[in-house]
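Reading through the structure tokens given below for one structure.
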Amino acid sequence: MTGTTDPTDPAPTAERRKTARVRWVAGGAVALALLFAGAAAVASARDDGSAPGAAGAPAPDSADAGFARDMAVHHQQAVEMSFIVRDRTEDEDVRRLAYDIANTQANQRGMLLGWLDLWGLPKVAGGDRPPMAWMGDGGHEHGGHQPDRGSDGVLMAGMASRAELERLGRLDGKQAEVFYLQLMTDHHKGGVAMAEACASRCAVPVEQRLAQGMVEGQQSELGLMRDMLTERKARPRS
């Protein structure tokens with residue numbers, strides 16, 4: 001009968017298994033990226049003379065430590081959004097972009113967390129020091145939209161709220177593509193501002209180089225996402 005599902009039909013079960021397998025493989029790729037990035041972070045930081053106890057190791061309240069902590073959190077949300085949209089659209093261009101962003105930012109996040117381990121610093125700032133405080137003036141001097149931090153899970157500039165993530169998970173097809181591109185555009189703008197601040201304020205050379213690479217890579221993706229939104233007769237939210 002139309003509109004019903006045959007409980008003996010193996011297709012739904014097979015489809016669920018296929019989806020679970022794809023998610024497991026994707027999650028495994030990100031986990032490996034984090035593992036190898038962490039190892040690379042240790043090697044690169046040692047080469048720069050910033051191992052624990054070395055003269056180049058940053059202080060807990062330094063720009064180097066603040067950037068590593070904050071950008072690790074910022075990147076984690078980008079990875080999450082990218083995996084959400086990969087399940088909500090069949091468009092190969094959007095899925096490819098989401099996969100690239102997830103892998104790139106998972107790798108970079110592994111490096112940032114690896115440096116914090118190497119420096120013997122906590123991954124969460126203590127006391128009343130808010131996110132982005134290391135940027136000076138709470139990040140306001142670097143432009144861009146500044147969030148009402150802590151409101152519905154928004155901790156830093158460009159981050160999506162919990163409500164926005166839930167909405168992305170409910171959309172399909174073109175609507176999911178457009179909303180993802182808009183959310184990720186905001187996310188990248190906030191990320192670029194943070195990376196520019198590290199490039200000018202951080203003292204560890206390898207971290208400065210990573211930050212500058214983030215600026216260049218995310219600015220390139222901003223242009224690509226703007227074009228993809230135009231193709232879908234939409235535009236960035238800001």
Side-chain angles (χ1 to χ4, degrees), residues 30-80 100-144 146-147 149 155-159 187-222:
V30 170
L32 285 174
L34 284 168
L35 177 63
F36 289 122
V42 170
S44 62
R46 280 177 178 161
D47 290 342
D48 274 352
S50 54
D61 60 350
S62 64
D64 298 87
F67 175 74
R69 292 189 191 103
D70 288 352
M71 191 58 87
V73 173
H74 210 264
H75 273 16
Q76 178 58 32
Q77 189 182 78
V79 173
E80 179 183 358
D100 288 346
I101 289 175
N103 276 274
T104 297
Q105 298 211 10
N107 190 305
Q108 292 172 346
R109 182 172 182 268
M111 296 182 72
L112 295 166
L113 295 176
W115 285 330
L116 289 170
D117 280 338
L118 183 66
W119 297 330
L121 298 177
K123 297 181 177 66
V124 178
D128 297 327
R129 195 171 179 82
M132 300 174 69
W134 58 272
M135 294 173 65
D137 192 28
H140 289 276
E141 66 185 62
H142 294 274
Q146 300 301 320
R149 296 185 184 117
L155 300 176
M156 286 167 270
M159 290 187 70
H187 207 271
H188 271 22
K189 287 178 179 178
V192 166
M194 292 170 63
E196 287 176 335
C198 177
S200 64
R201 290 172 173 268
C202 290
V204 177
V206 68
E207 192 173 17
Q208 286 181 314
R209 292 195 295 271
L210 177 65
Q212 186 57 44
M214 288 180 187
V215 171
E216 295 166 3
Q218 292 192 29
Q219 284 179 335
S220 176
E221 287 174 344
L222 281 169

Side chain to side chain contact (heavy atoms under 4.5 Å, CB included) involving A63 - partner list, sequence neighbours excluded: W134, R201, C202
Measuring only between side-chain heavy atoms, which start at C-beta, is L121 closer than 4.5 Å to W115? no
Ignoring hydrogens, what is the shortest heavy-atom contact between V79 and A106? Give both atom names and the distance. CG2-N, 3.9 Å
State, with a plain yes or no, whether a side-chain heavy atom of H75 is found less than 4.5 Å away from one of M214. yes
Sequence neighbours excluded, the answer for side chain to side chain contact (heavy atoms under 4.5 Å, CB included) partners of Q212 is A199, V215, E216
So E196 and Q219, do their side chains get closer than 4.5 Å, heavy atoms only? yes
Might you work through the side-chain contact (heavy atoms from CB on, under 4.5 Å) test for I101 and E221, ending with a clear yes or no? CA-CA 9 Å; I101 289 175; E221 287 174 344; 3.8 Å; yes
Tell me, do H74 and L155 make a side-chain contact under 4.5 Å, heavy atoms counted? no
Working to the nearest 0.5 angstrom, can you tell me the gap between M71 CE and R109 CZ? 12.5 Å
Nearest 0.5 Å please: distance from the CG atom of L112 over to the CG atom of D117. 11.5 Å
Test item: R69 and P131 side chains (from C-beta on) under 4.5 Å apart, heavy atoms: no
Are side-chain heavy atoms of M159 and H187 found at a separation under 4.5 Å? yes
Residues which pass side chain to side chain contact (heavy atoms under 4.5 Å, CB included) with S62, listed by chain and number, not counting sequence neighbours: P58, A59, D64, A65
Is any side-chain heavy atom of M156 closer than 4.5 Å to one of D70? yes
Can you see which heavy atom on F67 is nearest to which on A195, and at what distance? CE1-CA, 3.7 Å
